[in-house]
Enquirer: 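Just passing along the structure, written as structure tokens.
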2 protein chains.
Amino acid sequence: MNEIEKEQTVSANERMILDIVRRSKGLARSAIAGQTNLTQQSVHRIIDHLVKLEFLQLGEPIIQGRGQPSPHVSLNPEAFFSIGVSLNTDDMSVSLVNFCGETLLEENIPFAPVKRLETQAWLKALLERWCQQNPSIESRIVGVGFAMTGYFIKEKGHIRPPDPLFDWSGVDLQAELEALLGWPVILINNATTGAIGEAFHGAGLTYQTFGYLSFNFGFGGGIVIDGEPFFGAYGNAGEIGRIFTTEEAPQRPALSMLIKALARQGIDVPSVAKLKTQFDPTWPGVAEWVEQTTPYFLRAINALRGVIDPDAIVLGGEIPKSLAHMLLDSLERCGMTSSQDISVWPQMIVSELKGDSATLGAALQPLRQTFFRK
Amino acid sequence: MNEIEKEQTVSANERMILDIVRRSKGLARSAIAGQTNLTQQSVHRIIDHLVKLEFLQLGEPIIQGRGQPSPHVSLNPEAFFSIGVSLNTDDMSVSLVNFCGETLLEENIPFAPVKRLETQAWLKALLERWCQQNPSIESRIVGVGFAMTGYFIKEKGHIRPPDPLFDWSGVDLQAELEALLGWPVILINNATTGAIGEAFHGAGLTYQTFGYLSFNFGFGGGIVIDGEPFFGAYGNAGEIGRIFTTEEAPQRPALSMLIKALARQGIDVPSVAKLKTQFDPTWPGVAEWVEQTTPYFLRAINALRGVIDPDAIVLGGEIPKSLAHMLLDSLERCGMTSSQDISVWPQMIVSELKGDSATLGAALQPLRQTFFRK
DNA sequence: ACAAATACTAAACTTAGTTTGTAATAATAT
DNA sequence: ATATTATTACAAACTAAGTTTAGTATTTGT
């Protein structure tokens, strides 16, 4: 490199300023100091440093009122890159994001990712191809966020996925992937990465503390506290499926259950992904399913309210937007009754993010962790 | 004061060191640096400063091995004091703690605290008496932690208590109490203060992130994350009662429900306080109540597990210890079944704290907030 | 007695901020 | 047009809080 060597250590105040720039998607340099507890001069110097490191870039001065115009500050999208992987029962997707968190490349595995080594070989080959086709990125990749479905267990780096992914259990997956890929790997539950995507690009821009409910083949969730994803003791925080007993599980709002209900009505939806694209709220069975699952949905919400009392609850995962709104309407009709005081409710939000938020969040986590507010 | 004026602002590193000394209940000065990311020299200087401020005191040098003996460092118990109040439906208790968090004075109100102004007048008179009888403390009281039962609502400083305490709603209680008492007042839910007591003196010495279940007349709880009490958006975090519907509420593990069940068996227990002192696990009806309430208890635990995945869950409040153990045994017999993976369980702990942990925690919070690790 | 280990003390240095002061720029009032 | 004024940029001295370096003191083990 003939450029300035990129330090990957960023001080707390530098991170704070990077996060302010990120959240506002670029702003006048002079508008930053007011959002910090630093003086204008300190902010000036910090930004100067971050520009020298090529983390930030200065644009045209903006004339907004009196006084000397202040240059526009924005993230340098090329400063760093990060890779996200999301592994589901029947699918795996991989993406590359830039320093702004924008997805540049995305690809799905062409076979079911049930065999661990076969899947890893495909992943390795894909990333090598990406690096060859984009030679500038290789040295600037900060790490890999690897999201998968399943519960973390006591052994560090191990996960217990659902049955079809049995081959992925019993190994220190984090260590294995780091050895394979040569980058730092963060292993995360894929409901939490959905929440991370939301924290970076969605509800997180408005709310500091929120719960994320991930409607997929199963029903899970993630937690964001003060803008940071919360993992809990073993990384299973937000795995709200735990509140249902074995008998109750079939009635929880998992999309697999809706697909079954639709099948009983003669409507064949082959996968959760297809459900998202083809969903029609007037299909027979949909209204009934919503009605029937609402008490269990409410219970999940009340678990979030009772335990963390969030600012907001975001409905995400792979749920069709119109279905999410049906669930919220049904909740209203139920009167949102709980046994106790019901006066303070979190904001209920349907996720606005495009694409696979689990893969996105997985890719964002290495970036967040290294460069943005902690 | 002819002593050095006591600054109430403590830097982050000073707070860290105060917290290390507090947790270890005193230790050799040389044993501190290893628990920080600071050098021995920096720790030395910081402790020097804290000793000059009379927050810490040096004791006899301790000879443990080779090398120059290192003086014993401990909190100066007289450095500061704090007041805690816990208001329940039928009782109010007030306590004074010293800088070590030890309760020095404690008193219960001799009448039901239903009338707000009458109760406040009694409290004001009590604190004035305490200050007169202990003239040295007045100038060193950092604040008042005011814990009460009820839900916080959107209006700042307001709370919605259960019906008998109706008179306490509809006002900015925090502002009112600050005006009355002349000290900073922190208004907290009394299940959270129980968790704070546990964080300071109990499970918090071992576990960083835990859930606290408070068995009282009702059934509530509090959350501690990374050693800090977590309040949530409105201060209602941990209010686990929300997970039960109106129909389910009578079966939740609230001690009032046990008292009712005992009454049906002809055993008259006049109050929750009496239950704690008189409880006999062989009373008829107890085993049945435990059996019947266990699924609801399990659901509360699974809500905590699902949402925050804690290191530990502490059973506290006013539950008799033997009853808490019966609940845990019953949980074991149920197989702790949930619909999903059940391999990672938090440590289940019965609180070992003596006295009223809600009042204790209320008193501790102003101290914690000002002087100990954040 | 003496070397090794450990802790204390002190001074110089470093980092990352604040404070203070000045210059530049552009909107606004006259 | 010109002076005024608010806002921002830039620069140097200062400050707070740590680290680094180096020497000193005290005890243990041989």
Side-chain angles (χ1 to χ4, degrees), chain A residues 4-5 7-21 24 26-53 55-74 371-374, chain B residues 4-21 24 26-53 55-74 371 373-374:
Chain A
I4 292 155
E5 190 68 35
E7 293 277 338
Q8 290 211 12
T9 50
V10 192
S11 77
N13 281 336
E14 285 171 338
R15 260 211 296 270
M16 175 174 63
I17 285 175
L18 285 172
D19 203 58
I20 289 169
V21 175
S24 65
L27 74 174
R29 173 157 66 185
S30 59
I32 293 175
Q35 298 183 50
T36 72
N37 51 354
L38 302 173
T39 59
Q40 174 257 319
Q41 291 86 335
S42 296
V43 171
H44 187 97
R45 187 167 37 71
I46 291 170
I47 289 175
D48 214 52
H49 182 224
L50 292 172
V51 169
K52 281 207 186 79
L53 292 174
F55 292 7
L56 292 180
Q57 55 195 12
L58 296 182
E60 290 299 299
I62 306 163
I63 302 167
Q64 268 173 331
R66 293 181 168 189
Q68 185 169 335
S70 188
H72 186 259
V73 181
S74 57
F371 297 107
F372 299 102
R373 174 149 31 192
K374 205 158 288 168
Chain B
I4 292 155
E5 190 68 34
K6 306 217 176 197
E7 291 278 337
Q8 291 212 11
T9 50
V10 193
S11 78
N13 282 335
E14 286 172 337
R15 261 211 294 270
M16 175 174 64
I17 285 176
L18 285 172
D19 203 57
I20 288 170
V21 175
S24 65
L27 74 174
R29 172 160 67 185
S30 60
I32 293 176
Q35 298 184 50
T36 71
N37 51 354
L38 301 173
T39 60
Q40 175 261 317
Q41 291 86 334
S42 297
V43 170
H44 188 96
R45 187 166 38 69
I46 291 170
I47 290 176
D48 214 50
H49 182 223
L50 292 172
V51 169
K52 281 206 186 78
L53 292 175
F55 292 7
L56 293 180
Q57 55 195 12
L58 296 181
E60 290 299 300
I62 306 164
I63 303 166
Q64 268 174 331
R66 292 180 171 191
Q68 186 168 337
S70 188
H72 186 259
V73 181
S74 56
F371 297 107
R373 174 149 33 191
K374 207 161 287 169

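We use all heavy atoms of the structure for the numbers below, so side chains are in, but hydrogens, waters and symmetry mates are not. Numbers restart at 1 for each chain; the letters A, B, ... are given by sequence-line order, proteins then strands. Since the structure is predicted, the reported quantities are computational estimates derived from the model, not experimental observations.
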Enquirer: Using a cut-off of strictly less than 4.0 Å, decide whether B:Asn13 has a side-chain nitrogen or oxygen near OP1 or OP2 of D:dG18.
Expert: yes
Enquirer: Rounded to the nearest 0.5 Å, what separates atom CZ in A:Arg29 from atom CD1 in A:Ile62?
Expert: 11.0 Å
Enquirer: In whole Å, I'd like the distance from the NE2 atom of B:His49 to the P atom of D:dA16.
Expert: 11 Å
Enquirer: Give, for atom CD of B:Glu14 and atom CG of B:Leu50, the distance between the pair rounded to the nearest 0.5 Å.
Expert: 5.0 Å
Enquirer: With respect to B:Asp48, which candidate in B:His44, B:Arg45, B:Lys52 satisfies the side-chain hydrogen bond (donor to acceptor under 3.5 Å, both in side chains) definition?
Expert: B:Lys52
Enquirer: Rounded off to whole Å, could you give me the CD1-to-P distance for the B:Ile63 and D:dG29 pair?
Expert: 12 Å
Enquirer: Measuring from atom OG of B:Ser74 to atom CG of B:Leu58, what distance do you get when rounded to the nearest 0.5 angstrom?
Expert: 8.0 Å
Enquirer: Rounded to whole angstroms, how far apart are CD1 on B:Ile46 and C1' on D:dT19?
Expert: 12 Å
Enquirer: Please determine which of A:Val21, A:Asp19, A:Val10, A:Ile20 meets the side chain to side chain contact (heavy atoms under 4.5 Å, CB included) test together with A:Phe372.
Expert: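 Option passing the side chain to side chain contact (heavy atoms under 4.5 Å, CB included) with A:Phe372: A:Asp19.
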Enquirer: To the nearest 0.5 angstrom, please state how far the CD1 atom of B:Ile17 sits from the OG1 atom of B:Thr36.
Expert: 6.0 Å
Enquirer: Can a donor-acceptor pair under 3.5 Å be found between the side-chain atoms of B:Arg45 and the base atoms of D:dG18?
Expert: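 A donor-acceptor contact between them is present.
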Enquirer: Whole angstroms only, please: what is the CE-C1' distance between B:Met16 and D:dA17?
Expert: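 B:Met16 atom CE is separated from D:dA17 atom C1' by 12 Å.
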Enquirer: Check whether any side-chain heavy atom of B:Ile46 lies under 4.5 Å from a side-chain heavy atom of B:Met16, and answer yes or no.
Expert: no
Enquirer: Could you give the CG-to-P distance, from B:Leu50 to D:dA17, as a whole number of Å?
Expert: 12 Å
Enquirer: Heavy atoms only: give me the nearest B:His72-B:Gly26 pair and the separation to one decimal.
Expert: NE2-C, 3.4 Å
Enquirer: Distance under 4.0 Å to a non-hydrogen atom of chain A counts as contact; along DNA chain C, which nucleotides mark the start and end?
Expert: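 For DNA chain C, the relevant span reads C:dG17 to C:dT28.
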Enquirer: Tabulated below should be each protein N or O lying under 3.5 Å from an N or O of nucleotides 9-12 of chain D; please produce it.
Expert:
unit_1: D:dA9; atom_1: OP1; unit_2: A:Arg29; atom_2: NE; d: 3.1
unit_1: D:dA9; atom_1: OP1; unit_2: A:Ser70; atom_2: OG; d: 2.8
unit_1: D:dA9; atom_1: O4'; unit_2: A:Gln68; atom_2: NE2; d: 3.2
unit_1: D:dC10; atom_1: OP2; unit_2: A:Arg29; atom_2: NH2; d: 3.3
unit_1: D:dC10; atom_1: OP2; unit_2: A:His44; atom_2: NE2; d: 2.7

